[in-house]
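Structure first, commentary second.
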Amino acid sequence: VNISRNSIKIPANITAPQTVDVFCFLVSRGKITDNMARDILNCNRLAARVWDLRHAGIDVAGKLVSRKNRKGQTKTYMVYSLPSREDYLK
């Protein structure tokens, strides 16, 4: 589900462009991983942007997920989500 940025209530204390991008992505898509942030948003420091959001009072949940890659190796990564994302829709 893609939601336009115009239909998202962006809190006034979130001003950094990449942090706003990550916030809008979370509201519209529900979850984000480091690879998604890098490939779609060109954001190389997702954990820092999540810290910014949490510091601004946004409840961002994180869950460690383990999956096997195509070589059969188990890889662990963080999936961030916004539990109260409906609160930020206009």
Completion exercise
Between the CZ atom in R49 and the CG atom in D21, the distance rounded to the nearest 0.5 Å is 10.5 Å

Exercise for the section: List the steps and the verdict of side chain to side chain contact (heavy atoms under 4.5 Å, CB included) for K31 and T33. Expected result: CA-CA 7 Å; K31 65 181 180 180; T33 65; over 6 Å; no

Exercise for the section: Would you check if R67 and V65 make a side-chain contact, meaning some heavy-atom pair closer than 4.5 Å? Expected result: yes

Completion exercise
The side chain to side chain contact (heavy atoms under 4.5 Å, CB included) partners of N44 (sequence neighbours excluded) come to R38

Problem - Note, H55 side chain near D52 side chain (heavy atom, < 4.5 Å) - result: no

Practice task
Output, in order, the C-alpha distance, side-chain angles, deciding distance and verdict of side chain to side chain contact (heavy atoms under 4.5 Å, CB included) for N35 and I40.
Solution key: CA-CA 8 Å; N35 283 345; I40 299 168; over 6 Å; no

Exercise for the section: Apply side chain to side chain contact (heavy atoms under 4.5 Å, CB included) to A56 and list each qualifying residue two or more places apart in sequence or on a separate chain. Expected result: N13, I14

Practice task
Inspect the surroundings of CZ in R45 and state if more than 12 heavy atoms from other residues, nucleotides or ligands are less than 6.0 Å away.
Solution key: no

Practice task
Could you walk me through whether C24 and I10 pass the side chain to side chain contact (heavy atoms under 4.5 Å, CB included) test, one step at a time?
Solution key: CA-CA 8 Å; C24 290; I10 301 170; 3.8 Å; yes

Problem - Closest non-hydrogen atom pair, V27 against R85 - result: O-NE, 3.2 Å

Practice task
With sequence neighbours left out, write down each residue that passes ring-ring contact (aromatic ring centres under 6.0 Å, His included) with F25, or none if nothing qualifies.
Solution key: none

Practice task
Please name all residues satisfying side chain to side chain contact (heavy atoms under 4.5 Å, CB included) with K9, sequence neighbours left out, ordered by chain then number.
Solution key: K90

Donor-acceptor pairs are to be reported for all side-chain atoms of residues 70-84 against protein atoms at under 3.5 Å, with residues two or more places apart or in another chain.
from : atom 1 : to  : atom 2 : distance (Å)
Q73  : OE1    : N69 : ND2    : 3.1
T76  : OG1    : S66 : OG     : 2.9

Completion exercise
What one should report as the nearest heavy-atom pair of L53 and L26 is CD1-CD1, 4.1 Å

Fill in the blank from the handout: Going by chain and number, the hydrophobic cluster around W51 (ILVMFWY, side chain to side chain under 4.5 Å) further includes none

Problem - Cluster link V60 to L64, ILVMFWY, side chain under 4.5 Å - result: yes

